[in-house]
Amino acid sequence: MSSATSVIKLFNTLTRQEEEFQPIEAGRVRMYTCGPTVYDYAHIGNFRAFVFEDLLKRWLEHRGFQVTHVMNLTDVDDKTIKGSQQQGKPLREYTDFYAQAFFEDIKALNVKAATIYPRATDHIPEMVSLIKTLLQKGVAYRGEDGSVYFAISKFSEYGKLSHLRVQELKVGARVSQDEYAKEEAQDFALWKAWSCEDGNVFWETELGKGRPGWHIECSAMSMKYLGETFDIHCGGVDNMFPHHENEVAQSEAATGKPFVRYWMHNEHLLVEGKKMAKRLGNFYTLRDLLTKGLDPLAIRYLLLSTHYRQQFNFTFEALEAGKKAIERLANLQRRLLEANGKGGSGELDRLLTTVQRCFGDAMDDDLNVSVALASLFDFVRDVNNLLDESAISHEEATKVVAQIADFDKVLGVMPKPKEEILPAEAEVLIKKREDARKARDWKTADAARAQLKAMGIMVEDTAQGVRWKREKA
Ligand code: AMP
Ligand code: ZN
């Protein structure tokens, strides 16, 4: 399974086609994913986006690419300012709390850390400089309220990502809030002049007293860390317009170069047919589910097991099915560790070759994870059948264990083996033996060792102190 022989195809929102993935630099991928707005706990719809991006990154790494992954934290926008005011906290203290919660949540979901998590408030100078370039180039202008706007009529390709028909737009009409519908496509705010609703959130800059708009944050931070043109940009479909459309316009108008080569958008997680969203009140945070005793890895499985461009409904039944699927994998691994059959028929090698090919081909095909998982569970069934017939040798079983662990580097759904915990009784005996040895009471020391052995625990004395391990059955 090497990158030299396989071709990854990705669906590019820009062209609305599956394309062969060719990175700018051989062997390296530079990717940006819009991170959370840290004004509240993220809901599991948001985590569908982050888990999809994690799967994509893991697959690229599996195929041998070195991935530089940037995920921003939006810590200044209309929502964070409002939230901090409601709680009477400074903006940074307020957003720190939810940023921390976000990191805990992605850890629970076994999402691999990004290379860097830049925060918007740490990058105001970069945003100011980008806006100044846009003003100099005449694609941005200052409104009478002191805010700076992007003139969409000056960027002829405006609308190319979300396939907007811009001819129908009203020239010069302006929108100052960050989120608005396609039908309301207008000149949007790059820099928002201070108004009393902003309270003590402002920066004194060359552009005046104010704060950045949401869209410019991602242009400035992605280009700072990944360059003016980079490989992949992801986000949920709701971010395609206006957020990503505006990112393209700002970045390309400033640099004159293509901003992103492959745009990838995940579909929504639904609840009874409607998008899971804060404003609809139909959401679960990860914490809601964990306090119900649900398994975070089953939640991860559920979020990644439907193809990212398909919507699906969240249900507790589907979560239960995810848990069962993970258990099937874990049970097989356990059975394999005990396998000691005849083996050597060639059947197992045939199954291994098939699953490697099917899983790999499906994932290369725009991350077709449902087909990849189907081939994996066919394999699990067939290996279980061979185990029932005692037809797998210890060596063959070791190969299968390694193969499943390799698939799980991509899926990330199997529980880590728990650290072995010493029973309290054994701990007392180890201490007793140590004390006896110090007192040169060899009889007591030997008796304690024998009792431990009877419990299946071997002790040995090393330069670093006493070590213990379980006796192999
Ligand atoms: P936000 O914190 O609102 O900026 O959202 C973070 C990410 O979650 C973005 O990529 C959104 O597009 C994505 N997102 C929001 N709601 C959903 C949903 N119901 N299903 C899937 N992705 C979503
Ligand atoms: Zn963004």
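Note that ligands are numbered from 1 as they come in the structure, with each ligand's atoms numbered from 1 the same way. Atoms considered below: every heavy atom in the structure, side chains included; atoms not considered: hydrogens, waters and symmetry mates.
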Sub-3.5 Å pairs, protein N or O with ligand 1 N or O:
from, atom 1, to, atom 2, distance (Å)
ligand 1, 2 (O), T37, N, 3.0
ligand 1, 4 (O), T37, OG1, 3.3
ligand 1, 5 (O), N46, ND2, 3.3
ligand 1, 8 (O), N46, ND2, 3.1
ligand 1, 10 (O), G236, N, 2.9
ligand 1, 10 (O), N239, ND2, 3.4
ligand 1, 12 (O), G236, N, 3.1
ligand 1, 12 (O), D238, OD1, 2.4
ligand 1, 12 (O), D238, OD2, 3.4
ligand 1, 19 (N), L269, O, 3.1
ligand 1, 19 (N), M276, O, 2.9
ligand 1, 20 (N), G45, O, 3.4
ligand 1, 20 (N), L269, N, 2.8
ligand 1, 22 (N), G45, O, 3.0
ligand 1, 22 (N), N266, ND2, 3.3

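For K154, the NZ atom counts as loosely surrounded, since its 6.0 Å shell holds 12 or fewer non-hydrogen atoms of other residues, nucleotides or ligands. Atom CZ of R16 has more than 12 heavy atoms from other residues, nucleotides or ligands within 6.0 Å. Other residues, nucleotides and ligands contribute at most 12 non-hydrogen atoms within 6.0 Å of the CD atom of E206.
With values rounded to the nearest 0.5 angstrom, D178 atom CG is found 7.5 Å from E217 atom CD. Once rounded to the nearest 0.5 Å, the distance linking CG of N313 with NZ of K274 reads 11.0 Å.
At a threshold of 4.5 Å between non-hydrogen side-chain atoms, the residues F52 and T306 do not count as touching.
Side-chain polar atoms of H265 and T13 form a donor-acceptor pair below 3.5 angstrom.
For the Zn ion (ligand 2), the nearby protein N/O/S atoms, meaning those under 2.8 Å, are C34 SG, C218 SG, H243 NE2.
Formation of a donor-acceptor pair under 3.5 Å by the N368 side chain with backbone atoms of D365 is not found in this model.
None of V260, L56, V67 except one satisfies the side chain to side chain contact (heavy atoms under 4.5 Å, CB included) rule with I232; the exception is L56.
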